[in-house]
A.B. asks: 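One structure follows; several queries about it will come next.
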Amino acid sequence: MAQAKDASGAGKDGMRIDPALVRELAELLTTNGLTEIEVQDGERRIKVGRGAVAAPAAAPAAAAPALSAPPMHGKEDVGHQAEVIAGTTVKSPMVGTAFMSPEPGGKPFIEVGSAVKAGDTLLIVEAMKVMNPITAPESGVVKKIMVADAQPIEFDQPLVIIG
């Protein structure tokens, strides 16, 4: 993966390698349980990977929903309610952080009961300092929001149910 560098820090093809970026990518691998990550900026492309470790990567993902479950507060068990809500589940296309409004303290894009049209922004997922709008795949009404503002999220994690 690493290539030979001359005294200036440039690889044999003349590309300068940014050690801070490589460290940040390696940290993202560890933090998010990934085996490989790649970024491209014009002609520069950096790919960082490590051997797959299946058991540790699966354990944090399985524990994540339990940590984000809302407290019961003496009510009947509503934890199974998400399983019976009919509609389209919008899932995260990436690992990142969910943001429910366009700016800190701003009005949320959606609320339960909000009518949305196909293409409307439901929330934003920040990944690698890039804000990625997550849009409604179809028109409908927001039945359930399954993430909180500034919550770390995983790839394919359910975010919103529209019906």
Side-chain angles (χ1 to χ4, degrees), residues 21-41 45-163:
L21 177 59
V22 174
R23 271 192 299 279
E24 183 178 346
L25 293 173
E27 193 173 298
L28 282 169
L29 284 176
T30 304
T31 303
N32 296 304
L34 302 173
T35 57
E36 183 176 285
I37 191 164
E38 182 175 351
V39 293
Q40 185 169 351
D41 180 20
R45 189 174 91 182
I46 298 174
K47 184 176 186 178
V48 178
R50 62 184 168 102
V53 181
L67 295 174
S68 62
M72 296 300 290
H73 297 298
K75 296 182 181 175
E76 289 186 40
D77 182 8
V78 294
H80 299 290
Q81 185 177 12
E83 296 171 8
V84 295
I85 295 177
T88 300
T89 300
V90 180
K91 296 182 178 182
S92 179
M94 65 195 73
V95 173
T97 303
F99 291 103
M100 304 309 292
S101 61
E103 58 192 13
K107 182 178 183 283
F109 290 109
I110 58 168
E111 296 174 352
V112 173
S114 298
V116 295
K117 296 181 295 210
D120 284 356
T121 299
L122 302 173
L123 56 106
I124 293 173
V125 174
E126 183 269 328
M128 304 247 342
K129 299 180 181 156
V130 175
M131 300 299 177
N132 301 282
I134 306 301
T135 58
E138 60 189 44
S139 296
V141 175
V142 176
K143 291 189 169 187
K144 183 165 182 142
I145 300 171
M146 303 167 81
V147 293
D149 191 45
Q151 175 183 331
I153 57 171
E154 298 293 327
F155 171 75
D156 214 29
Q157 178 176 339
L159 303 172
V160 177
I161 298 177
I162 299 173

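Quick caveat: nothing in here was measured; it's all calculated off a predicted structure.
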A.B. asks: As a test of understanding, state which of Ile134, Val95, Val130, Val147 forms a side chain to side chain contact (heavy atoms under 4.5 Å, CB included) with Val125.
C.D. replies: Ile134
A.B. asks: Throw together a table of side-chain donor-acceptor distances under 3.5 angstrom for residues 101-109, partners on residues two or more places apart or in other chains.
C.D. replies:
| unit_1 | atom_1 | unit_2 | atom_2 | d |
| --- | --- | --- | --- | --- |
| Ser101 | OG | Glu103 | O | 2.8 |

A.B. asks: Return the set of residues passing side-chain hydrogen bond (donor to acceptor under 3.5 Å, both in side chains) with Thr135 (not counting sequence neighbours), or none when no residue passes.
C.D. replies: none
A.B. asks: Rounded to the nearest 0.5 Å, how far does CE of Met94 lie from CG of Asp156?
C.D. replies: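 Taking CG in Asp156 and CE in Met94, the distance rounds to 12.0 Å.
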A.B. asks: Checking Leu122 against Val90 for the side-chain contact (heavy atoms from CB on, under 4.5 Å) test, could you report, in this order, the C-alpha distance in whole Å, the side-chain angles of both residues, the deciding distance, and whether it holds?
C.D. replies: CA-CA 9 Å; Leu122 302 173; Val90 180; 3.9 Å; yes
A.B. asks: Would you name the heavy atoms of Glu154 and Ser92 that are closest together and state the gap between them?
C.D. replies: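 Smallest heavy-atom distance, with atoms named: O-CB, 3.5 Å.
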A.B. asks: Measuring from Leu123:CG to Ile145:CD1, what's the distance to the nearest 0.5 Å?
C.D. replies: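 One gets 8.5 Å once the value is rounded to the nearest 0.5 Å.
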A.B. asks: Heavy atoms only: give me the nearest Ile153-Ala98 pair and the separation to one decimal.
C.D. replies: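 Distance-wise, the nearest heavy atoms are CG2-CB, 4.2 Å.
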A.B. asks: What residues, two or more places apart in sequence or in another chain, satisfy side chain to side chain contact (heavy atoms under 4.5 Å, CB included) together with Ser114?
C.D. replies: Ile110, Glu111, Val142
A.B. asks: Work out which heavy atom in Pro137 is nearest to a heavy atom in Ile162; give both atom names and the distance.
C.D. replies: CD-CD1, 4.2 Å
A.B. asks: Could I get the full list of side-chain hydrogen bond (donor to acceptor under 3.5 Å, both in side chains) partners for Glu138, not counting sequence neighbours?
C.D. replies: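 By the side-chain hydrogen bond (donor to acceptor under 3.5 Å, both in side chains) rule, Glu138 matches Thr88.
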A.B. asks: Taking all non-hydrogen atoms of both residues, which atom of Ser139 and which atom of Ala118 are closest, and how far apart?
C.D. replies: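 Scanning both residues, the minimum pair turns out to be OG-N, 3.2 Å.
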A.B. asks: Return each pair, listed once, that meets side-chain hydrogen bond (donor to acceptor under 3.5 Å, both in side chains) where at least one residue sits in residues 115-131; pairs must be two or more places apart or across chains.
C.D. replies: none
A.B. asks: Does the Thr97 side chain pair with the main chain of Ala150, one donor and one acceptor, at a distance under 3.5 Å?
C.D. replies: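 No.
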A.B. asks: Of all heavy-atom pairs between Pro133 and Met131, which one has the smallest distance, and what is that distance?
C.D. replies: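 That would be CD-O, 3.7 Å.
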A.B. asks: Identify, with sequence neighbours excluded, every residue that meets side chain to side chain contact (heavy atoms under 4.5 Å, CB included) alongside Asp149.
C.D. replies: Phe99, Met100
A.B. asks: Identify, with sequence neighbours excluded, every residue that meets side chain to side chain contact (heavy atoms under 4.5 Å, CB included) alongside Pro158.
C.D. replies: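 Expected list: Thr89, Met146.
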